[in-house]
Number of protein chains: 2
Amino acid sequence: MPANILLVEDEPAIQELIAANLTRAGHTVMRAGDAETGQRIVREALPDLVLLDWMLPGMSGVEFARRLRSDERTRAIPIIMLTARGEEQDKVLGLETGADDYITKPFSPRELVARIKAVLRRRAPQVTEDAVELGGLRLDPATHRVTAAGEPINLGPTEFRLLHFLMTHAERVHSRSQLLDQVWGDHVFVEERTVDVHIRRLRSALEPGLHDRLVQTVRGSGYRFSTEIETTPAN
Amino acid sequence: MPANILLVEDEPAIQELIAANLTRAGHTVMRAGDAETGQRIVREALPDLVLLDWMLPGMSGVEFARRLRSDERTRAIPIIMLTARGEEQDKVLGLETGADDYITKPFSPRELVARIKAVLRRRAPQVTEDAVELGGLRLDPATHRVTAAGEPINLGPTEFRLLHFLMTHAERVHSRSQLLDQVWGDHVFVEERTVDVHIRRLRSALEPGLHDRLVQTVRGSGYRFSTEIETTPAN
DNA sequence: CCGCAGCGTGACGCTTTTGTGACAGGTAAC
DNA sequence: GTTACCTGTCACAAAAGCGTCACGCTGCGG
């Protein structure tokens with residue numbers, strides 16, 4: 001679950017260290033060396049989370065947090081306070097000012113990443129996806145199961161996502177490039193023909209000669225999931 | 001949302017004051033003047049929440065909290081610490097020991113009731129304390145026992161909690177990070193792969209080749225407890 | 001009937017994910 | 001103290017998927 005994180009920290013060495021760890025964890029990091037810069041970035045970029053040093057030149061972290069909370073657009077942005085040992089009594093104040101969590105320096109990179117994850121998840125409660133039932137097939141994201149007339153069908157992760165997408169966008173034709181974007185993600189780079197191979201694997205996993213017809217080829221365009229089985233002209 | 005609340009407070013006047021307010025808010029209040037009495041009540045009555053004075057004769061509040069957390073049955077009970085001004089640095093210690101919140105004396109009755117409500121709501125998705133019976137396995141939180149066809153199965157605390165969660169949320173796939181949150185707790189930071197190890201220990205504790213199949217791996221997603229044994233594709 | 005572009009298919013290294021055994025602390029009971 | 005668990009974390013082994021390729025088939029326009 002990658003996020004845009006604003007790091008407000010005046011100490012360059014610490015800033016660098018933290019940023020490196022966050023990047024390695026898959027997050028995008030924006031940096032600010034002082035509160036003013038931080039505020040500007042917040043307004044312009046609307047980060048998903050703010051990592052905020054307690055001691056800042058010019059404006060204290062608490063004041064920074066207070067301003068974030070007073071603006072409607074930035075009110076919901078989670079804040080994690082960074083405090084040094086010996087400022088511990090301030091943690092309490094930090095929490096009361098509206099920080100969602102705090103970490104005492106020095107901290108382990110793992111703890112930092114874990115707390116970020118926890119805060120982000122707390123803010124964005126997971127949406128439970130509903131099961132799809134179509135053409136005698138049933139696909140349930142919650143249990144990660146696919147069944148045809150009660151009989152379980154074993155699919156690999158990619159096949160599962162592929163079928164899920166096709167079923168939730170049934171009757172529509174999707175080009176290989178569309179499928180790559182939606183199922184693989186728009187950041188990955190794989191051959192378009194790879195889609196063909198997974199379609200094949202998906203078909204052979206479904207009951208051959210029966211449900212595999214639900215996954216149809218549209219020559220020159222792409223693939224489609226359809227409950228209307230194509231009639232093979234008996235010529 | 002009325003609750004059974006245990007109040008551990010040695011000062012009679014304060015005890016009386018708090019109890020009156022809680023009762024007026026619709027809660028049931030049990031009182032203890034010292035830690036020993038408190039512990040006994042906790043074990044016997046399993047309150048929904050513990051209001052815990054920081055300074056206690058005999059045993060500190062932190063020690064009290066620690067013991068609560070170390071017992072399987074009382075682990076999930078939320079704790080709110082009561083601290084006097086000037087003990088503020090201890091708040092941090094209190095939080096880190098496992099308290100869910102803290103309140104500084106003197107406090108307003110309204111604040112107290114509000115915080116109680118907040119903590120209870122946060123803990124709201126309480127798992128049932130009833131025995132679970134599923135797939136030939138029986139797990140009883142009350143007696144802390146697991147049996148398969150009458151035969152007892154020995155599990156460590158973590159394995160027990162893990163199995164308990166999986167069984168009470170059967171058929172559903174849980175990612176490692178979800179399991180860490182639900183079984184270990186949000187404030188614990190351990191490697192995700194630790195889940196794997198405990199799954200393995202859990203499996204090998206269950207009857208090999210038989211009940212261990214109930215704990216299933218969903219590659220790329222996580223784990224699942226299911227009575228529907230996965231069909232191994234007969235290739 | 002031919003050629004060509006599009007698609008199906010089987011095979012094959014390779015990477016990622018998961019299982020497993022071992023180990024160093026830590027804790028509670030003794 | 002000592003003993004017997006638990007626990008979290010490794011490193012390594014095993015397994016399962018994945019992406020690509022080469023080749024063969026198919027349908028369509030000439």
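Proteins get letters first, then strands, A, B, ... in listed order; numbering begins at 1 in each. These numbers come from the heavy atoms of this one structure, side chains and all, not from hydrogens, waters or symmetry mates.
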* To do: Look up atom CG in A:Leu134 and atom CG in A:Leu214, then write down how far apart they are to the nearest 0.5 Å.
  => 8.0 Å
* To do: Determine the interplanar angle of the A:His144 and A:Phe160 rings, folded into 0 to 90°, and report it as parallel if under 30°, tilted if 30 to 60°, perpendicular if over 60°.
  => parallel
* For A:Tyr223, answer base if it contacts any base atom (sugar-phosphate contacts may also be present), sugar-phosphate if it contacts only those atoms, and nothing otherwise; contact means non-hydrogen atoms under 4.0 Å. => sugar-phosphate
* To do: Tell me which nucleotide among D:dT7, D:dC18, D:dT20 gets nearest to the side chain of A:Thr158.
  => D:dC18
* When the distance from CZ of A:Arg161 to P of D:dG19 is rounded to whole Å, what number comes out? -> 9 Å
* May I ask you to say what B:Arg203 touches in the nucleic acid, namely base, sugar-phosphate or nothing, with a heavy-atom cut-off under 4.0 Å? => sugar-phosphate
* Structure fact -> With the side chain defined as heavy atoms from C-beta on, A:Arg200 is closest, among C:dT9, D:dG8, D:dC18, to C:dT9
* To do: Take the protein atom CG of A:Asp196 and the nucleotide atom C1' of D:dT26, then report the distance between them rounded to whole Å.
  => 14 Å
* Asked: Between CG of A:Asp53 and CD1 of A:Ile80, what distance do you get to the nearest 0.5 Å?
  -> 13.5 Å
* Structure fact -> Of A:Glu191 and A:Gly156, the one whose closest nucleotide on DNA chain D sits nearer the 5' end is A:Gly156
* Taking only the side-chain nitrogens and oxygens of B:Arg219, find out if one of them lies under 4.0 Å from OP1 or OP2 of C:dT16. => no
* Could you check which of D:dG8, C:dT20, C:dG8 has an atom nearest any side-chain atom of B:Trp184? => D:dG8
* Please give, in whole Å, the distance from C:dC7 P to A:Gln216 CD? -> 14 Å
* Steps toward side chain to side chain donor-acceptor pair (under 3.5 Å) verdict (A:Thr158, A:Arg201) -> CA-CA 10 Å; A:Thr158 305; A:Arg201 287 169 180 160; over 6 Å; no
* Which nucleotide in the set C:dC7, D:dG19, C:dT18 lies at the smallest distance from any side-chain heavy atom of B:Arg176? -> C:dT18
* To do: Check the distance between C:dC23's C1' and B:Arg201's CZ and give it to me in whole angstrom.
  => 11 Å
